[in-house]
Engineer: 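The following block contains the structure, expressed as structure tokens.
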Amino acid sequence: RSSFWMSPPCLPVPSAISTAPPPSPTCSKAVFLKQSSDSWLIVGLGNPGREYEKTRHNTGFRAMDILAEKLNAKVDGLKFQGLYTQVNYNGKKLFLLKPQTYMNLSGRSVLQLSAYFGIPPQRIIVMFDDISLEPGRLRVRAEGSAGGHNGIKSIIQELGSQDFPRVKIGVGAKPNPEYDLAAWVLSTFSASEEKALAVSLKNAADAALSIIDNGVPETANRFNGSHP
């Protein structure tokens with residue numbers, strides 16, 4: 001197993017939304033002493049609980065469910081503050097993870113699994129919702145800031161790195177500037193949005209595997225801007 005050093009963790013309050021910034025005490029950064037050369041982690045972000053299943057904020061979970069089905073796997077092992085499983089994929093160890101911490105503590109679950117199995121940030125792929133893209137569209141990136149998404153903020157904070165690939169799944173922008181963002185991301189999709197989303201969720205699962213097979217640039221060229 002991999003070894004890592006951590007100082008005492010930060011203790012922000014769990015939240016189902018990503019509209020208020022998390023507390024910002026000085027958090028430790030994981031230092032990976034051993035790294036696996038053949039392991040990848042794919043993370044789907046969302047909130048646990050039936051009341052959140054179909055909300056805009058849970059598209060990462062939904063994409064993960066499609067990916068797991070594609071790989072004939074079940075993400076049902078309870079450990080690392082999340083649901084996870086391990087599969088063999090093209091000669092590589094592939095871990096699938098759905099953090100159960102609520103959105104703004106997602107990084108804790110990601111850190112625990114990745115550190116335990118020695119998976120560096122560059123081989124951690126995160127699928128999550130993006131309000132800057134309309135339903136049906138994707139954006140694949142190799143790295144970057146959180147862009148206001150607290151699930152990504154938490155992962156960056158815990159890993160001490162922005163250098164991890166991500167698959168952004170469009171969920172649509174607020175209908176007007178006055179609309180409460182928390183209410184928006186915890187709202188459900190219209191019938192027409194769900195139709196478009198069905199295509200992008202499948203594409204997101206395919207894009208995550210394509211990053212492993214082909215790298216980020218080729219995957220971005222294929223999927224960025226995709227629309228049903």
Side-chain angles (χ1 to χ4, degrees), residues 16-19 40-48 52-71 75 82-83 94 96-99 102-104 106-107 109-110 124-156 162 164-175 181-212 214 216-228:
I17 61 173
S18 60
T19 56
W40 286 77
L41 168 60
I42 300 178
V43 183
L45 295 187
N47 292 303
Y52 300 116
E53 282 182 357
K54 298 295 185 179
T55 63
R56 297 174 194 273
H57 228 14
N58 268 43
T59 53
F61 274 9
R62 295 177 66 179
M64 178 59 74
D65 291 340
I66 292 173
L67 176 59
E69 183 176 2
K70 182 181 180 72
L71 296 172
V75 186
L83 296 174
L94 176 57
L96 309 180
L97 175 67
K98 296 166 71 174
Y102 290 96
M103 188 62 81
N104 77 342
S106 299
S109 180
V110 174
I124 299 174
I125 302 166
V126 185
M127 303 185 296
F128 64 100
D129 57 294
D130 190 325
I131 63 171
S132 70
L133 302 171
E134 64 182 279
R137 293 192 180 275
L138 296 182
R139 182 172 295 144
V140 176
R141 295 191 63 188
E143 58 185 11
S145 67
H149 194 289
N150 272 8
I152 300 300
K153 285 182 183 178
S154 176
I155 294 173
I156 291 172
Q162 298 183 3
F164 54 87
R166 66 274 319 256
V167 179
K168 302 181 178 185
I169 306 166
V171 298
K174 295 189 300 178
L181 181 56
W184 179 245
V185 297
L186 296 180
S187 68
T188 56
F189 296 92
S190 67
S192 61
E193 287 176 327
E194 276 286 352
K195 185 176 180 180
L197 184 69
V199 176
S200 61
L201 291 176
K202 179 182 180 299
N203 285 343
D206 291 343
L209 295 180
S210 177
I211 290 173
I212 297 173
N214 307 305
V216 172
E218 182 175 332
T219 301
N221 286 338
R222 177 182 172 190
F223 289 98
N224 283 7
S226 59
H227 196 279

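All of these numbers come straight from a predicted model, not from anything done at the bench. Sequence positions, counted from 1, serve as the residue numbers for this chain. Atom set for the values below is all heavy atoms of this structure, side chains included, hydrogens, waters and symmetry mates excluded.
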Engineer: Is the closest side-chain heavy-atom distance between N47 and T55 below 4.5 Å?
Structural biologist: no
Engineer: If we only count heavy atoms from C-beta on, is the T59 to F189 side-chain gap below 4.5 Å?
Structural biologist: yes
Engineer: Nearest 0.5 angstrom please: L209 CG to N214 CG, how far?
Structural biologist: 10.0 Å
Engineer: How about L138 and S200: do any of their side-chain heavy atoms sit closer than 4.5 Å?
Structural biologist: yes
Engineer: Between F164 and I152, is any pair of side-chain heavy atoms under 4.5 Å apart?
Structural biologist: yes
Engineer: Closest approach of L197 and G170, non-hydrogen atoms and distance?
Structural biologist: CD1-O, 4.0 Å
Engineer: Looking only at heavy atoms, which two atoms of T219 and A207 are closest? And how far apart?
Structural biologist: CG2-O, 3.5 Å
Engineer: Between D130 and R137, does at least one N-O distance fall below 4.0 Å, as a salt bridge requires?
Structural biologist: no
Engineer: Do the non-hydrogen side-chain atoms of D65 and E53 ever get within less than 4.5 Å of each other?
Structural biologist: no
Engineer: Distance check, rounded to the nearest 0.5 Å: D129 atom CG versus N58 atom CG?
Structural biologist: 8.0 Å
Engineer: Hey, mind stepping through K70 and D206 against side-chain contact (heavy atoms from CB on, under 4.5 Å) and telling me if it holds?
Structural biologist: CA-CA 9 Å; K70 182 181 180 72; D206 291 343; 3.2 Å; yes
Engineer: Are more than 12 heavy atoms, taken from residues, nucleotides or ligands other than E194, located less than 6.0 Å from that residue's CD atom?
Structural biologist: yes
Engineer: Taking it one step at a time, do I124 and I155 satisfy side-chain contact (heavy atoms from CB on, under 4.5 Å)?
Structural biologist: CA-CA 10 Å; I124 299 174; I155 294 173; 5.7 Å; no
Engineer: For the residue pair H57 and H149, establish whether any side-chain heavy-atom pair is separated by less than 4.5 Å.
Structural biologist: yes
Engineer: Work out which heavy atom in S145 is nearest to a heavy atom in I156; give both atom names and the distance.
Structural biologist: C-CD1, 4.0 Å
Engineer: Go through the steps to decide whether S210 and E218 satisfy the test side-chain contact (heavy atoms from CB on, under 4.5 Å), and finish with yes or no.
Structural biologist: CA-CA 8 Å; S210 177; E218 182 175 332; 5.7 Å; no
Engineer: Do T188 and K54 have side chains that get closer than 4.5 Å, going by heavy atoms?
Structural biologist: yes
Engineer: Closer than 3.5 angstrom, by distance alone: can the side chain of S109 be matched with the main-chain N or O of S106 as a donor-acceptor pair?
Structural biologist: no
Engineer: Could you tell me which non-hydrogen atom of W184 sits nearest to which non-hydrogen atom of K174, and how far apart they are?
Structural biologist: NE1-N, 3.6 Å
Engineer: Could you report the tightest heavy-atom contact between L45 and P99, atom names first, then the distance?
Structural biologist: CD2-CG, 4.2 Å
Engineer: Determine the sole option in M64, R166, R62 for which the side chain to side chain contact (heavy atoms under 4.5 Å, CB included) test with M127 is passed.
Structural biologist: M64
Engineer: Taking it one step at a time, do S132 and R139 satisfy side-chain contact (heavy atoms from CB on, under 4.5 Å)?
Structural biologist: CA-CA 10 Å; S132 70; R139 182 172 295 144; 3.9 Å; yes
Engineer: Which heavy atom of A208 sits nearest a heavy atom of I42, and at what distance?
Structural biologist: CB-CD1, 3.9 Å
Engineer: Could you check whether any side-chain heavy atom of V216 comes within less than 4.5 Å of a side-chain heavy atom of V140, counting everything from C-beta outward?
Structural biologist: yes
